[in-house]
S.K.: 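Mind looking over this structure? Questions follow.
Source: prediction; values computed, not measured. In this chain, residues are counted from 1 in sequence order.
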Amino acid sequence: MVHGFLIHTLGCSPSGDADLTRVLYSRTFSLETFDQAAELEKVRLLRKEQMLAVARHVTSACILTRQALEKPVYEVVVLPGEETVNLQDAESGVFSLAPGDPFLECKTVLWLGVLSLGFVLICDMYDNLTLAEDTLRLIVKYLIEHLRLLSQGSDVILKADKTETILNTFLPHGQLLFLNHQFILALEKEMNSSMAK
């Protein structure tokens, strides 16, 4: 089961600082057990800190990948009408998080860097990583397509309902689905009808 999904900025300045990383959207599918006496507000803040820590790890990994590939590290501006991006060429990676860094259990993080945005699936250690990567690429494809995420002035925060619809379609309750072409078409048709409402 997938633990969480997040979209964040790959906040790199031309100097390569990763301090500008902002979490734009996050969703947790499975909950960690915290001390029963902990206040709900403290638990919420802890979850936000966990997601930000993962986003910073991903930003660092993406910067290193871009530097190794001799690509520009800083944000790329997309011109209107040029929103098509080949996701096969996007930077991607996977790394493991040890217990306590920042989650209580071991987690595997799959990430995809598309221009100035990072898309992340936080998986449990036993999840099928090939299936998780295919699912992440599929989700990113539909997010970019339907929400116009790469255009100037696109605000992910204001489009949370559409993001939720896409996640609920291709990652229901955090469960990875084995998808073939026909099933994807059926899910896409269902998703388009629910977005039209």
S.K.: Does Leu117 form a side-chain contact (heavy atoms from CB on, under 4.5 Å) with Val140? I'd like the steps, not just the answer.
M.R.: CA-CA 10 Å; Leu117 292 176; Val140 170; over 6 Å; no
S.K.: What's the shortest heavy-atom distance between His8 and Thr21, and which atoms?
M.R.: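 What the structure gives for the nearest pair is ND1-CG2, 3.8 Å.
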S.K.: Are Val54 and Lys107 packed together at the side-chain level, in the sense that at least one heavy-atom pair is separated by less than 4.5 angstrom?
M.R.: no
S.K.: Less than 4.5 Å apart, any side-chain heavy atom of Asp134 and any of Leu138?
M.R.: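 No, their side chains stay 4.5 Å or more apart.
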S.K.: Taking atom CD as the centre, does Glu105 end up with more than 12 heavy-atom neighbours from other residues, nucleotides or ligands that are less than 6.0 angstrom away?
M.R.: no
S.K.: Going from CG on Leu52 to CZ on Arg47, what distance comes out if it is rounded to the nearest 0.5 angstrom?
M.R.: 16.0 Å
S.K.: Considering non-hydrogen atoms only, spot the tightest contact between Leu104 and Pro99 and give its length.
M.R.: O-CB, 3.5 Å
S.K.: Under 3.5 Å, side chain of Asp127 to main-chain N/O of Asp124, donor-acceptor pair present?
M.R.: yes
S.K.: Report yes if the side chains of Thr65 and Trp111 come closer than 4.5 Å at any heavy-atom pair, otherwise no.
M.R.: yes
S.K.: Could you tell me the separation between the CG atom of Asn192 and the OG1 atom of Thr165, rounded to the nearest 0.5 Å?
M.R.: 10.5 Å
S.K.: Output the distance between atom CG (Leu167) and atom CD1 (Ile139), rounded to the nearest 0.5 Å.
M.R.: 5.0 Å
S.K.: Supply the atom-to-atom distance Glu91 CD to Leu10 CG, rounded to the nearest 0.5 angstrom.
M.R.: 8.0 Å
S.K.: Taking all atoms of both residues into account, what is the closest heavy-atom pair of Met1 and His173, and its distance?
M.R.: CE-O, 3.0 Å
S.K.: Is a side-chain N or O of Thr108 found less than 3.5 angstrom from the main chain of Cys123, in a donor-acceptor match?
M.R.: no
S.K.: Using the side-chain contact (heavy atoms from CB on, under 4.5 Å) rule, take Arg27 and Asn168 through it: C-alpha gap first, then chi angles, then the decisive distance, then the call.
M.R.: CA-CA 11 Å; Arg27 179 164 176 197; Asn168 289 336; 2.8 Å; yes
S.K.: If hydrophobic clusters are built from ILVMFWY residues whose side chains come within less than 4.5 Å, do Met125 and Leu121 share one?
M.R.: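 Looking at the clustering, Leu121 is in a separate group from Met125.
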S.K.: State, yes or no, whether a side-chain contact exists between Lys48 and Ser26 at a heavy-atom distance under 4.5 Å.
M.R.: no
S.K.: Would you say that Leu129 contacts Leu110 through its side chain, given a criterion of any heavy-atom pair below 4.5 Å between the two side chains?
M.R.: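 In short, these two side chains touch, coming nearer than 4.5 Å.
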S.K.: Between Pro102 and Gln50, which heavy-atom pair has the shortest distance, and what is it?
M.R.: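 In this case the closest contact between Pro102 and Gln50 is O-NE2, 3.2 Å.
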S.K.: Side-chain contact test, heavy atoms from C-beta onward, threshold under 4.5 Å: evaluate it for Met191 versus Phe170 and give yes or no.
M.R.: yes
S.K.: With a 4.5 Å heavy-atom cut-off, do Asn128 and Phe178 have their side chains touching?
M.R.: yes
S.K.: Using the rule side chain to side chain contact (heavy atoms under 4.5 Å, CB included), only one of Leu131, Leu185, Leu187 pairs with Leu179; which is it?
M.R.: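 Testing each of Leu131, Leu185, Leu187 against Leu179, the sole residue satisfying side chain to side chain contact (heavy atoms under 4.5 Å, CB included) is Leu187.
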S.K.: Where is the tightest heavy-atom contact between Phe103 and His3, given as atom of each residue plus distance?
M.R.: CE2-NE2, 3.4 Å
S.K.: Please report the shortest heavy-atom distance between Met51 and Thr28, naming the atom on each side.
M.R.: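 The answer is CE-OG1, 3.4 Å.
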S.K.: As an exercise, state the distance from CG of Leu136 to OG of Ser92, rounded to the nearest 0.5 Å.
M.R.: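 OG of Ser92 is found 8.5 Å from CG of Leu136.
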S.K.: Between Asp101 and Leu97 (side chain of the first, backbone of the second, donor and acceptor by atom type, cut-off under 3.5 Å), is there such a pair?
M.R.: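 Side chain of Asp101 to backbone of Leu97: no pair is present.
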S.K.: Within a strict 4.5 Å, meaning less than it, do heavy atoms of the Tyr25 and Leu143 side chains meet?
M.R.: no
S.K.: Can you tell me how far apart CG (Leu64) and OG1 (Thr59) are? Round to the nearest 0.5 Å.
M.R.: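 The CG atom of Leu64 sits 11.0 Å away from the OG1 atom of Thr59.
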